[in-house]
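First the structure, in the form of C-alpha cells, and then the observations on it.
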Amino acid sequence: MAQKPAIPKGTRDFTPIEMAKRNFIFDTIKSVFLKYGYQPIETPAMENLSTLMGKYGEEGDKLLFKILNSGDFLAKADEQMLVEKNSVKTTLQISEKGLRYDLTVPFARFVVQHQNEITFPFKRYQIQPVWRADRPQKGRYREFYQCDVDVVGSNSLINEVELIQIVDDVYKALNINVLVKINNRKILSGIAEIIGQAEKIVDITVAIDKLDKIGIDKVNEELLQKDIPQEAVDKLQPIINLSGTNQQKLDTLKTVLQKSAVGLKGVEEIETVLNYLQTLNVSTAVELDLTLARGLNYYTGAIFEVKALDVQIGSITGGGRYDDLTGVFGLRDVSGVGISFGADRIYDVMNQLELYPKESIVSTRLLFVNFGEREALYSLQALQKIRQAGINAELYPDAAKMAKQMNYANKKEIAFVAMTGENEMNQGKITLKNMKSGEQQLITVEEMINIIA
RNA sequence: GUGAUUGUAGCUCAGUAGGUUAGAGCGCCUGAUUGUGGUUCAGGAGGUCGCCGGUUCGAACCCGGUCUUUCACCCCA
C-alpha cells in the first residue's frame, strides 16, 4: 500500500532551483569568510549529550533532539525510572547522543580537543545545519543552517570590528539592507550594578530585550514580577529610554555608569569599535541598542544582532564575545568572539525581495538533442570539448520525440540547443539554436564554444 | 510546553440546510505536427475529500481524537 510521503515537522526539501539560490547565499558568505582569513571546519551532526546538555539553559535542554541508544536500550535502563515515567531522568539512560543545537558549543569542544593542533588566534568558519525541537513558526525551523565565524584566543577589539566588516561585506554582496545593532554585556552588568541588582542581570536583560515587542509598560511589569524592586525599576527607566546618536548615548552612559568599573569598560569597548568602523568607512548602519540582550548567557562583552530592514523577520545574524566558553571543557582563559549568519532566514528574506541575480540560478547552458545512437555518439564527442571549455552542457539521454526534448530545454531554461543529425554529421558541424530568439546556425564546435561561452 | 489555525487531483483552490457518478484553473500524458520548443485546438489519465473512531438510513460536510500547516506565547537564527 502506498503511503503518503512526508517529512518531519519544521523541515524542508529544496528543489534544484531552490538549491541554486541557497548555494548563492552560502557561496557569497563563504567567500567573504575566506577573504578575512577564516578557515573551514566541520563537526559531526551528533554530539555526546554530555557535551550539549546544560549549555543552553533548561529551555535549551528540552529543545535538544536526542538520539535513542542502539540495541536493547530499555533492558539497560533503570526500571524504577521507567515506572516513575520521569522523562528527564529516563532520557539520560536511553540516550547518550544528541543532534547539535548550534555551532558554537561544538566549536568550543573542538577547540579544547584539538588545542595542540591549532594555532591561536584560531579563526574558523563553519557552515552546517543545526537542529532544535522547537515548535515551528514564521522564520523558525527545526532544521536550519548556521554560518558561524569565530576567532578564539584573542582579546583584541579588532576582531569585533572585523566581524562587523564581514557583516557589511556579506549583506552588500547579497543586496540586503540591514541594521547592525550592538551592545555590550559589560554595560548591562554596569547598569544592573548601579541599580543595585547585579545578581538579577539575566532577568533584567531578558525583560528589556522585549522592549521593541511588548513596550515599556509590559517590560516594567515583567521586571517587577521577577522581584526587582520598584525603586530599581524606576532607576532603569532613563537608561532603557536612552535615545539620540550613538555618541550621545555613550556620553550619557559615561555619566550614569561612572561608579561602575565594568560598565565604563563596556562603554569604552563600544566606543573603540565604533571609532574603528568610522575610520574604515563601514557604511552599514551600526546602532548602539541597550535593549539588545540576546538570550545566550555566555556572552561577556560585545553583543551583535543584524536585522533586515525591508522584511519583517527575526534577526538574521547574531553573535558576541564569550570570555570563557571553553572553560566547561577544561581550557581556561580563552576568549572568543563570533557571529552566526542564519542562512535559512536570509534565504526567506532574499525570496521575499527577489534579490537573486539572474546568473546565480542558471544550470545547463546547452542541450544536445538526441536523434539516435550514432548521432548521440557524435554529440558526446562534441560535448567533451564543450565541457573542457567550461560550459555546462548535456545530451538528452533518450532518442525521444523532438517536442519532448525541446520542452525539457524550456523547463530547465537552457539557453541553447544543439542539433546533430545526418546533415550536420556529414559536414562535421552542428546546428545551434538560440532558444530565446529561435535563430539557428550551422557551425563548428569551436565556433559554437565562442558564441555561447 | 501553552493557545489558536489549516488539511479536497501533482500545484492553487471551489464545493455543504449532511443525499446517488466530488469540480475548476494550472500542470501532466496523447494526437493535430515521424528534425524544431515556449502559442493554439482536440482528447485522456489522475482523488479511500489528512488519518482513526463516533453520530446518522446516509458524512468531504456534524462530533471526538490524532497527525499536519500556519500564527502567537516561551525561547530563539
Side-chain angles (χ1 to χ4, degrees), chain A residues 1-12 15 25 29 56-64 87-88 100-104 127-148 202 206-207 209-210 213-214 218 222 293-297 304-308 312-320 338-349 367-372 375 396 399-425 430-440 442:
Chain A
M1 205 203 296
Q3 58 164 335
K4 208 175 203 172
I7 55 175
K9 188 197 287 208
T11 64
R12 301 186 285 180
T15 61
I25 295 171
I29 291 174
Y56 311 102
E58 207 177 310
E59 197 67 29
D61 285 352
K62 281 189 211 159
L63 298 180
L64 283 170
S87 301
V88 177
R100 73 166 98 78
Y101 179 89
D102 71 359
L103 299 179
T104 309
I127 298 176
Q128 289 190 276
V130 303
W131 295 269
R132 298 184 186 177
D134 213 350
R135 191 170 286 200
Q137 55 178 286
K138 186 178 188 139
R140 183 179 291 192
Y141 306 97
R142 296 181 119 179
E143 176 183 65
F144 60 97
Y145 273 78
Q146 289 192 331
C147 312
D148 275 31
V202 173
V206 167
D209 189 40
K210 295 176 190 163
K213 218 168 181 178
I214 63 177
K218 290 268 172 110
E222 185 166 330
R294 296 282 76 204
L296 298 176
N297 22 33
F304 312 107
E305 182 170 279
V306 180
K307 302 209 77 170
Q312 178 132 41
I313 196 164
S315 77
I316 54 178
T317 294
I339 48 170
S340 175
F341 290 80
D344 289 79
R345 284 193 180 169
I346 293 172
Y347 173 72
D348 289 347
V349 170
L367 172 78
F368 272 80
V369 174
N370 188 330
F371 288 118
E375 292 87 341
Y396 196 89
K401 281 190 185 150
M402 190 86 185
K404 188 161 182 147
Q405 301 194 41
M406 295 300 271
N407 240 321
Y408 176 83
N410 278 334
K411 287 276 167 58
K412 282 185 83 167
E413 293 186 69
I414 297 173
F416 296 95
V417 163
M419 280 165 288
T420 54
E422 201 66 35
N423 246 351
E424 288 84 355
M425 285 165 68
I430 291 166
T431 296
L432 179 70
K433 181 184 176 91
N434 180 322
M435 290 299 275
K436 204 165 214 164
S437 65
E439 288 169 50
Q440 293 185 193
L442 184 63

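Below, chain A is the first sequence line, B the second, and so on; all start at residue 1.
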For this session: Check whether any side-chain N or O of A/Lys210 sits under 4.0 Å from OP1 or OP2 of B/C74, and answer yes or no.
Result: yes
Problem set entry | A/Arg135 (side chain) and B/C74 (base): donor-acceptor pair under 3.5 Å | no
For this session: For B/G50 versus B/U12, give the span between their P atoms, rounded off to a whole number of Å.
Result: 14 Å
Problem set entry | Separation between the C1' atoms of B/U21 and B/A60, rounded to whole Å | 15 Å
Exercise. Can A/Phe144 be said to stack with the base of B/A77, given centres closer than 5.5 angstrom and planes under 30 degrees apart?
Worked result: yes
Seminar exercise, completed: Between A/Glu222 and A/Phe341, the residue closer to the 5' end of RNA chain B by nearest nucleotide is A/Glu222
Problem set entry | Phosphate contact (B/A72 OP1 or OP2) by A/Gln137 side-chain N/O below 4.0 Å | yes
Exercise. A/Phe304 CZ to B/A77 P: how many Å, rounded?
Worked result: 14 Å
Exercise. Is A/Gln146 touching bases, backbone alone, or none of the nucleic acid, heavy atoms closer than 4.0 Å?
Worked result: sugar-phosphate
For this session: Spell out, as yes or no, whether a donor-acceptor pair under 3.5 Å connects the side chain of A/Asp134 to the backbone of A/Pro136.
Result: no
Problem set entry | Rounded distance in Å between the C1' positions of B/U66 and B/C29 | 37 Å
Exercise. Hey, what do you get for CD (A/Gln440) to CD1 (A/Ile430), rounding to the nearest 0.5 Å?
Worked result: 13.5 Å
Exercise. A/Lys412 near the nucleic acid: base, sugar-phosphate alone, or nothing, with a heavy-atom cut-off under 4.0 Å?
Worked result: nothing
Exercise. Does any non-hydrogen side-chain atom of A/Arg12 lie less than 4.5 Å from one of A/Tyr347?
Worked result: yes
Exercise. Within a strict 4.5 Å, meaning less than it, do heavy atoms of the A/Val306 and A/Ile339 side chains meet?
Worked result: no
For this session: Sugar-phosphate atoms are those with a prime plus P, OP1 and OP2; base atoms are the rest. Using that split, label each nucleotide of nucleotides 35-42 of chain B B, S or - for protein heavy atoms under 4.0 Å, 5' to 3'.
Result: BBBB----
For this session: Tell me whether the OP1 or OP2 atom of B/U68 has a side-chain N or O from A/Lys9 closer than 4.0 Å.
Result: yes
Exercise. Hey, does A/Tyr141 reach any base, or is it just sugar-phosphate, or nothing, if we go heavy atoms under 4.0 Å?
Worked result: base
Exercise. Does OP1 or OP2 of B/C28 have a side-chain N or O of A/Lys411 closer than 4.0 Å?
Worked result: yes
Problem set entry | Spacing of the C1' atoms in B/G25 and B/C52 (rounded, Å) | 33 Å
For this session: Going by the side-chain hydrogen bond (donor to acceptor under 3.5 Å, both in side chains) test, name the single residue among A/Asp348, A/Asp344, A/Thr11 that passes it with A/Tyr141.
Result: A/Asp348
Exercise. Regarding A/Tyr408 and A/Lys404, is there a side-chain donor-to-acceptor distance under 3.5 Å anywhere?
Worked result: no
Problem set entry | Salt bridge present between A/Asp148 and A/Arg100 (N-O < 4.0 angstrom) | no
For this session: Hey, could you give me the NZ/NZ distance between A/Lys218 and A/Lys210, rounded to the nearest 0.5 Å?
Result: 11.0 Å
Problem set entry | For atom NZ of A/Lys218 and atom P of B/C73, their distance in whole Å | 11 Å
Problem set entry | Pairwise P distance for B/G27 and B/U20, with rounding to whole Å | 32 Å
Problem set entry | Minimum side-chain heavy-atom gap A/Thr104-A/Gln146 below 4.5 Å | no
Exercise. What integer distance in Å separates A/Lys138:NZ from B/U6:P?
Worked result: 19 Å
Problem set entry | Touch class at under 4.0 angstrom, heavy-atom based, for A/Gly139 against every strand present | base
For this session: Using atom NZ of A/Lys62 as one end and atom C1' of B/C73 as the other, report the distance to the nearest whole Å.
Result: 14 Å
Exercise. NA contact type, A/Gly10, heavy-atom cut-off 4.0 Å: base, sugar-phosphate, or nothing?
Worked result: sugar-phosphate
Exercise. What interatomic distance, in whole Å, is found between P of B/A14 and the corresponding atom of B/A9?
Worked result: 12 Å
Problem set entry | Nearest-Å distance for atom pair CD1/C1', residues A/Ile7 and B/C67 | 15 Å
Exercise. Which ranges of RNA chain B pair up as stems, where a stem means three or more consecutive Watson-Crick or G-U pairs with both distances under 3.5 Å?
Worked result: B:1-4 with B:70-73, B:10-13 with B:23-26, B:28-32 with B:40-44, B:50-54 with B:62-66
Seminar exercise, completed: In whole angstroms, the gap separating C1' of B/C76 from CD of A/Glu305 amounts to 10 Å
For this session: Determine the interatomic distance between P on B/U34 and the same-named atom on B/A22; round to the nearest Å.
Result: 38 Å
Exercise. Which whole number of Å gives the distance between the C1' atom of B/C71 and that of B/G10?
Worked result: 27 Å
For this session: May I have the distance from A/Glu58 (atom CD) to B/G1 (atom P), rounded to whole angstrom?
Result: 15 Å
Exercise. With sugar-phosphate meaning primed atoms plus P, OP1 and OP2, does A/Asp344 contact a base, only sugar-phosphate, or nothing at under 4.0 Å between heavy atoms?
Worked result: nothing
Problem set entry | Main-chain N/O of A/Tyr396 paired to A/Asn370 side chain as donor or acceptor, under 3.5 Å | yes
Exercise. In whole angstroms, how far is the C1' atom of B/A77 from the OH atom of A/Tyr347?
Worked result: 16 Å
Problem set entry | Under 3.5 Å donor-acceptor, A/Glu424 side chain and A/Leu442 backbone | no
For this session: Quick one: pull up CE in A/Met419 and CG in A/Leu367 and give me the separation to the nearest 0.5 Å.
Result: 10.0 Å
